[in-house]
Amino acid sequence: MKELLVKESDYVYVLPKGTVQGQKVPVYFYLSDKLFELLEEDAIKQAANASTLPGVEGAIYVMPDVHVGYGFPVGGVMATRLEDGIISPGSIGYDINCGVRLIATNLRAEDIVPVRKQLMERILQEVPAGVGSTGKIKLSRSELREVAVKGARWAVERGFGFEEDLEHIESFGALPNADPSYVSTDAFDRGSDELGTVGSGNHFVEVQVVDEIYDQEIAKKLGLDVGQVCIMVHSGSRGFGHQVCVDYLRIARESLKRYNIDLPDMQLACMPINSEEGQAYFKAMNSAANYAFANRQILGFITADTIRKFLRISWQELGYRLIYDLAHNIGKVEIHKGKKLLVHRKGATRAFPPYNPEVPPAYRDIGQPVLIPGDIGRYSFLLVGQPRSMEISFGSACHGAGRVMSRTKAKEFVKKEGLEKILKDLVVVARGKGTIMEEIPQAYKDVSEVVRVVDALGIAKMVLRLRPVGTLKG
DNA sequence: ATGTTC
């Protein structure tokens with residue numbers, strides 16, 4: 001299908017409306033020439049499939065870190081009209097509210113670098129990571145219901161963080177319209193002991209240092225300077241959100257006939273937003289999203305507390321300050337160009353511009369922070385949302401590097417090259433070697449190239465780069 | 001992503 005894409009301008013390729021059968025809107029791919037070469041046929045097909053869905057509005061947008069996903073590509077943005085559109089679990093993702101948090105500290109690189117190995121070993125002891133890992137927090141059914149409604153606030157009330165953290169979280173760390181009575185017993189069972197755990201795959205807790213600044217003025221307003229130590233958390237809603245997705249994909253498949261929805265791919269199984277099933281999924285999805293906000297709140301706090309105890313310093317000396325926390329797998333009701341839409345972001349980050357009311361007051365004149373984690377060996381980036389995102393991507397940017405090598409291929413590569421040689425002087429801790437082998441830097445696209453594209457398009461502005469000091473993986 | 005092929 002690649003030959004059907006038309007290069008409209010630098011970084012913009014379009015699959016014009018009318019190219020595929022039943023297509024309702026065009027599909028825009030935001031790519032450099034280099035990333036265009038890496039674009040997979042199946043990812044194009046998946047984005048094209050979504051452009052045929054009922055009530056899809058404007059266009060489908062695909063970010064430069066695109067890769068094939070379940071039904072809808074990772075890196076995809078789709079908006080559907082509330083009155084006649086659908087809601088698609090596969091277009092939000094299995095890991096509901098997978099997202100990123102960045103915490104600043106007053107520490108300098110030299111405080112951490114000499115002791116980074118011991119520090120990461122300590123963090124490994126305190127922060128549970130890995131598939132099926134469980135935490136110290138055991139939740140009763142009623143407590144879990146509370147988590148699902150209150151989100152990050154629940155964690156703060158239990159002592160995991162501070163009231164002022166909440167102002168620096170997307171949607172204040174608690175999405176409205178969460179109703180855990182629409183969440184299954186299976187999900188409750190899986191969620192009861194996984195709060196405050198990292199998970200697996202590309203999830204991590206990382207100690208980082210501000211490495212390079214591209215916009216001094218904005219970095220200053222964020223209170224960030226070269227050499228400053230930060231904590232980045234990348235995790236989601238664990239088994240709780242996964243089960244919500246599984247449950248509602250089944251419900252969606254079973255309700256397709258009832259609502260006369262015809263699909264090019266069963267993985268895009270969806271429900272009218274204005275249906276009993278669609279509303280049920282929306283309320284369950286928001287519950288899982290709030291679980292993820294609480295999860296990252298706890299993870300970030302425990303990590304900061306561990307660093308503090310390791311260095312034997314006070315909270316004041318540590319200077320813990322939440323910069324921002326955001327979702328990159330989520331469906332949200334937003335108004336774009338005067339229309340009330342459900343914006344599906346799957347591997348895409350909200351990137352609202354300055355003076356948008358959703359941007360925290362402290363950042364109002366610089367725009368919403370956009371946190372882009374890279375792979376374990378390279379860099380992560382902080383950008384801020386720009387006005388053009390509201391014109392060309394429903395206020396969205398990319399979310400990360402994006403895979404280029406399959407997990408299997410990555411493991412074969414490690415067996416051939418040797419893990420020590422690949423990781424060189426990186427400090428990466430984990431309970432097992434499996435995930436690290438799948439997550440080697442070579443398995444990912446260069447995140448620098450990805451953020452360069454969203455910066456060049458005016459979706460989000462590059463502010464600074466962070467480099468890893470030590471990484472905890474699942 | 002995921003009690004990693006219920």
**OP:** Take the protein atom CG of A:Asp186 and the nucleotide atom P of B:dT2, then report the distance between them rounded to whole Å.
**Re:** 17 Å

**OP:** Return the value, rounded to whole Å, for the distance between atom CG of A:Leu249 and atom P of B:dC6.
**Re:** 17 Å

**OP:** Looking at every strand, decide which applies to A:Gly199 at a 4.0 Å heavy-atom threshold: base, sugar-phosphate, or nothing.
**Re:** sugar-phosphate

**OP:** Only pairs at least two apart or in different chains count here, so list each salt bridge (Lys or Arg N to Asp or Glu O under 4.0 Å) that has a residue in residues 166-183 of chain A.
**Re:** A:Glu170-A:Lys332

Original post:
How long is the line joining CD1 of A:Ile436 and C1' of B:dT4, in whole Å?
Top reply: 17 Å

Subject >> Pair A:Glu146 + A:Arg141, salt bridge at N-O below 4.0 Å >> reply: no

Original post:
Contact class for A:Ser200 (heavy atom, under 4.0 Å): base, sugar-phosphate, or nothing?
Top reply: sugar-phosphate

Subject >> Atom-to-atom span, CD of A:Glu194 to P of B:dT2 - whole angstrom >> reply: 8 Å

Subject >> Phosphate OP1/OP2 of B:dT2: any A:Arg238 side-chain N/O under 4.0 Å >> reply: yes

Subject >> Value in whole Å for how far the P atom of B:dT2 lies from CD1 of A:Ile96 >> reply: 12 Å

**OP:** Using atom CZ of A:Arg431 as one end and atom C1' of B:dT4 as the other, report the distance to the nearest whole Å.
**Re:** 17 Å

Original post:
Which is true for A:Gly93 with a 4.0 Å heavy-atom rule: it touches a base, it touches only sugar-phosphate, or it touches nothing?
Top reply: nothing

Subject >> Protein-nucleotide distance (A:His234, atom NE2; B:dT2, atom P), rounded to Å >> reply: 10 Å

Subject >> salt bridge (Lys or Arg N to Asp or Glu O under 4.0 Å) contacts in which one or both residues fall within residues 459-471 of chain A, not counting sequence neighbours >> reply: A:Asp211-A:Arg465, A:Asp211-A:Arg467, A:Glu212-A:Arg465, A:Asp215-A:Lys461

Original post:
In whole angstroms, how far is the C1' atom of B:dT4 from the OH atom of A:Tyr94?
Top reply: 12 Å

Original post:
Is it true that the NZ or CZ of A:Arg158 lies under 6.0 Å from the centre of A:Phe160's six-membered ring and within 45 degrees of the ring axis?
Top reply: no

**OP:** Check every strand shown and say whether A:Gly201 touches a base, only sugar-phosphate, or nothing at a heavy-atom separation below 4.0 Å.
**Re:** sugar-phosphate

